[in-house]
Undergrad: 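The structure's right below; bear with me while I get my questions together.
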Amino acid sequence: MKPTEIELRRVAIPLVAPFRTSFGTQHTRELGLVRVRTEQSEGWGELVTMTAPVYSSEYTDGALAVLRDHLIPMLARAAADKGGLDPWAVAPALAPVKGHRMAKAALETAVLDAWLRERSLSMAQWLGATRDKVAAGVSVGIMDSVPQLLDAVGGYLAEGYLRIKLKIEPGWDLEPVAAVRERFGDDVLLQVDANTAYTLADAPLLARLDPFDLLLIEQPLEEEDIRGHAELARRIKTPVCLDESIVSARSAADAIALGACAVVNIKPGRVGGYLEARRIHDVCAAHAVPVWCGGMLETGLGRAANVALAALPGFTLPGDTSASDRYYRTDITEPFVLKDGHLDVPHEPGLGRTPIPELLAAVTETSEWITL
Ligand code: OSB
Ligand code: MG
């Protein structure tokens, strides 16, 4: 496959409601889109960075610069040297650049989408998906008050979401969890996500979540604190799940071997793309470690690929794969709709979704084409 041109686009889409986590509040989703043109087709990849480097070190404007100034020229050289490209050639071509996994993932996904479309293969078929729909969970932000949180959770449960994830931080942890359990009962699948907001000194506090029978606690400690998570896992009953700390199949294997996690959140952007995401799925499956598909408030484009990934057999827990209307009044693609608590896995070629030109134009801030 021969890429001829690549588009880098920056979009800004208002969220239906502010989303507050321990690292900040978002009102608008500012992300990037990569479009690869080849002689025969076109492919899209979503750049899932946030506006500021507060979830990971990457951020949208920085990632767009890395793509423009480093990754795309490297990919162009590799394609010229080899007389073409396939999805497996992207990560090796970009390997000289350290980190920048979300930027690499966006480019690899665009190449993969174009490559799959040329072959009339869906992402789900190519990944080895074993389901045609996936269970949907929802990530619920930190609220100003407990009654406000109970309203939000009640609304999501009424819509049919099969699992609730509460964002927590010091001062917003035991009380909201207790309130949700008391109001909605013990049968609700419930988990929490701290986005690195605690330290090992908080172990006694976090142990007080034990009686609430949570599915897991996600990333309580700093990204680099694998040993801390292993120690915490010995001091609390709630299973520890890692998000920020897992950046590759190797780091997943290490974290599992060290006892730092019993569950893994797989986000393709965070780990450099869908090829590496599938390797993490495989490593975890070999260790009988359950995985679930995380989210980065994706548009329908990134969501389509995530839903295909979440249909692999090792994804045994509901993911942060919510319907489009949980995030956006108007998505840039055909929206994902909740049906009986599930989202349908796209079966059309490639990602199975493409941006709708008028909707895309309405949220586009900048666009540039790079000729290869
Ligand atoms: O930690 O899982 C996270 C959103 C942005 C950045 C990090 C996270 C999240 C979410 C929402 O929890 C996931 C989603 O619904 O897309
Ligand atoms: Mg998380």
Side-chain angles (χ1 to χ4, degrees), residues 13 15-31 46-60 63 101-102 105 134-143 152-153 156 159 161-169 172-173 190-198 214-223 229 238-247 255 261 263-271 277 291-307 309-310 317-328 331 335-336 338 343:
I13 319 176
L15 291 168
V16 288
F19 185 61
R20 181 172 156 203
T21 64
S22 62
F23 59 76
T25 306
Q26 283 130 257
H27 297 85
T28 306
R29 187 69 178 98
E30 296 176 288
L31 49 76
E46 183 158 334
L47 171 64
V48 299
T49 43
M50 312 251 98
T51 310
V54 289
Y55 162 77
S56 70
S57 62
E58 292 184 86
Y59 66 103
T60 300
R101 290 181 171 89
M102 292 177 185
V134 302
V138 59
S139 175
V140 187
I142 295 165
M143 306 266 163
V153 170
Y156 290 131
E159 286 183 58
Y161 283 104
L162 298 172
R163 182 226 69 192
I164 299 291
K165 158 169 144 183
L166 302 181
K167 290 290 193 178
I168 59 167
E169 66 181 5
W172 181 265
D173 38 39
L190 186 63
Q191 63 191 53
V192 293
D193 185 0
N195 289 110
T196 76
Y198 296 88
L214 301 176
L215 283 172
L216 57 91
I217 178 170
E218 184 181 345
Q219 198 70 41
L221 314 179
E222 251 188 60
E223 179 179 330
H229 282 100
T238 309
V240 172
C241 170
L242 293 177
D243 172 357
E244 285 89 329
S245 297
I246 306 298
V247 296
C261 64
V263 184
V264 171
N265 165 334
I266 302 184
K267 284 182 188 169
R270 197 191 63 226
V271 306
V291 302
W292 54 281
C293 185
M296 291 292 290
L297 315 173
E298 284 89 350
T299 71
L301 212 51
R303 191 165 309 283
N306 286 352
V307 166
L309 181 73
L317 292 168
D320 282 345
T321 41
S322 314
S324 299
D325 69 0
R326 179 259 174 269
Y327 311 93
Y328 308 112
D331 204 330
F336 279 88
L338 198 64
L343 300 188

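All values below were derived from every heavy atom in this structure, side-chain atoms included, with hydrogens, water molecules and symmetry-related copies excluded. Atoms within a ligand are numbered from 1 in the order they appear, just like the ligands themselves.
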Undergrad: Should you measure from each heavy atom of E218, which atoms of ligand 1 turn up under 4.0 Å away?
TA: 2 (O)
Undergrad: Got a sec: does the CD of E30 have more than 12 other heavy atoms crowding it under 6.0 Å?
TA: yes
Undergrad: Can you tell me if K267 has a non-hydrogen atom under 4.0 Å from ligand 1?
TA: yes
Undergrad: Using heavy atoms and a threshold below 4.0 Å, how should the contact between T21 and ligand 1 be classified: side chain, backbone, both, or neither?
TA: neither
Undergrad: Just jot down the ligand 1 atoms closer than 4.0 angstrom to any heavy atom of D243, in number order.
TA: 1 (O), 2 (O), 3 (C)
Undergrad: Identify, for atom 6 (C) of ligand 1, the protein heavy atom at the shortest distance, and state residue, atom and that distance.
TA: M296 SD, 3.6 Å
Undergrad: When rounded to the nearest 0.5 angstrom, what is the spacing between CD in Q26 and CG in L15?
TA: 7.0 Å
Undergrad: What's the shortest heavy-atom distance between L31 and L297, and which atoms?
TA: CD2-O, 4.3 Å
Undergrad: Confirm or rule out an N/O/S atom of E244, from backbone or side chain, lying less than 2.8 Å from the Mg ion (ligand 2).
TA: no
Undergrad: Starting at CG of L242, measure out to CD1 of I217 and round the result to the nearest 0.5 Å.
TA: 11.0 Å
Undergrad: So which of the N, O or S atoms of D193 lies nearest the Mg ion (ligand 2)?
TA: OD2
Undergrad: Quick check: closest heavy atoms across M296 and V48, and the distance to 0.1 Å?
TA: CE-O, 3.4 Å
Undergrad: Counting from 1, what ligand 1 atoms have a heavy atom of Y55 closer than 4.0 Å?
TA: 1 (O), 7 (C)
Undergrad: Counting neighbours of OH on Y59 that are heavy atoms of other residues, nucleotides or ligands and sit closer than 6.0 Å, is the number greater than 12?
TA: no
Undergrad: Please confirm whether K167 comes under 4.0 Å of ligand 1, counting heavy atoms of the residue only.
TA: yes
Undergrad: Any atoms of ligand 1 less than 4.0 Å from a non-hydrogen atom of Y327? List them with their elements.
TA: 14 (C), 15 (O), 16 (O)
Undergrad: Where is the nearest protein heavy atom to atom 4 (C) of ligand 1: which residue, which atom, and how far?
TA: F19 CE2, 3.7 Å
Undergrad: Tell me whether ligand 1 is touched by Q26 - counting only heavy atoms on the residue side and a distance under 4.0 Å.
TA: no
Undergrad: Run the salt-bridge test on D320 and R163 with the 4.0 Å N-O cut-off and return the result as yes or no.
TA: yes
Undergrad: Mind listing the closest non-hydrogen atom pair of P318 and G137 along with its distance?
TA: CB-N, 4.2 Å
Undergrad: Tell me whether D320 has at least one N, O or S atom under 2.8 Å from the Mg ion (ligand 2).
TA: no
Undergrad: List the atom of F336, the atom of A304, and the distance in Å for their closest heavy-atom pair.
TA: CZ-CA, 3.4 Å
Undergrad: Would you call R270 and D243 a salt bridge, using N to O less than 4.0 angstrom?
TA: yes
Undergrad: By number and element, which atoms of ligand 1 are closer than 4.0 Å to a non-hydrogen atom of F23?
TA: 6 (C)
Undergrad: For P239 and L214, which heavy atoms make the closest approach, and how far apart are they?
TA: CD-O, 3.9 Å
Undergrad: Looking only at protein heavy atoms, identify the closest one to atom 5 (C) of ligand 1 and say how far it is in Å.
TA: M50 CE, 3.8 Å
Undergrad: Does an N or O anywhere in D193 fall below 3.5 Å from an N or O of ligand 1?
TA: yes
Undergrad: Check each atom of ligand 1 against the heavy atoms of S139 and keep those under 4.0 Å away; list them by number with element.
TA: 10 (C), 11 (C), 12 (O)
Undergrad: So, of the N/O/S atoms that E218 has, which is the nearest one to the Mg ion (ligand 2)?
TA: OE2
Undergrad: Which pair of non-hydrogen atoms, one from K167 and one from W172, has the smallest distance, and what is that distance?
TA: O-CD1, 3.3 Å
Undergrad: At less than 4.0 angstrom from any non-hydrogen atom of K165, what atoms of ligand 1 do you find?
TA: 2 (O), 3 (C), 12 (O)
Undergrad: Could you find the nearest protein heavy atom to atom 13 (C) of ligand 1 and give me its residue, atom name and distance?
TA: G295 O, 3.4 Å
Undergrad: Within the 3.5 Å criterion, strictly below it, is a donor on S245 or Q219 matched to an acceptor on the partner's side chain?
TA: yes
Undergrad: Checking one value in my table: which N/O/S atom of D243 lies closest to the Mg ion (ligand 2)?
TA: OD2
Undergrad: Looking at atom 16 (O) of ligand 1, what's its closest protein heavy atom, distance included?
TA: L297 N, 2.8 Å
Undergrad: Check each atom of ligand 1 against the heavy atoms of N195 and keep those under 4.0 Å away; list them by number with element.
TA: 1 (O), 3 (C)
Undergrad: Is a donor on one side and an acceptor on the other found under 3.5 Å between the side chain of T299 and the backbone of D331?
TA: no
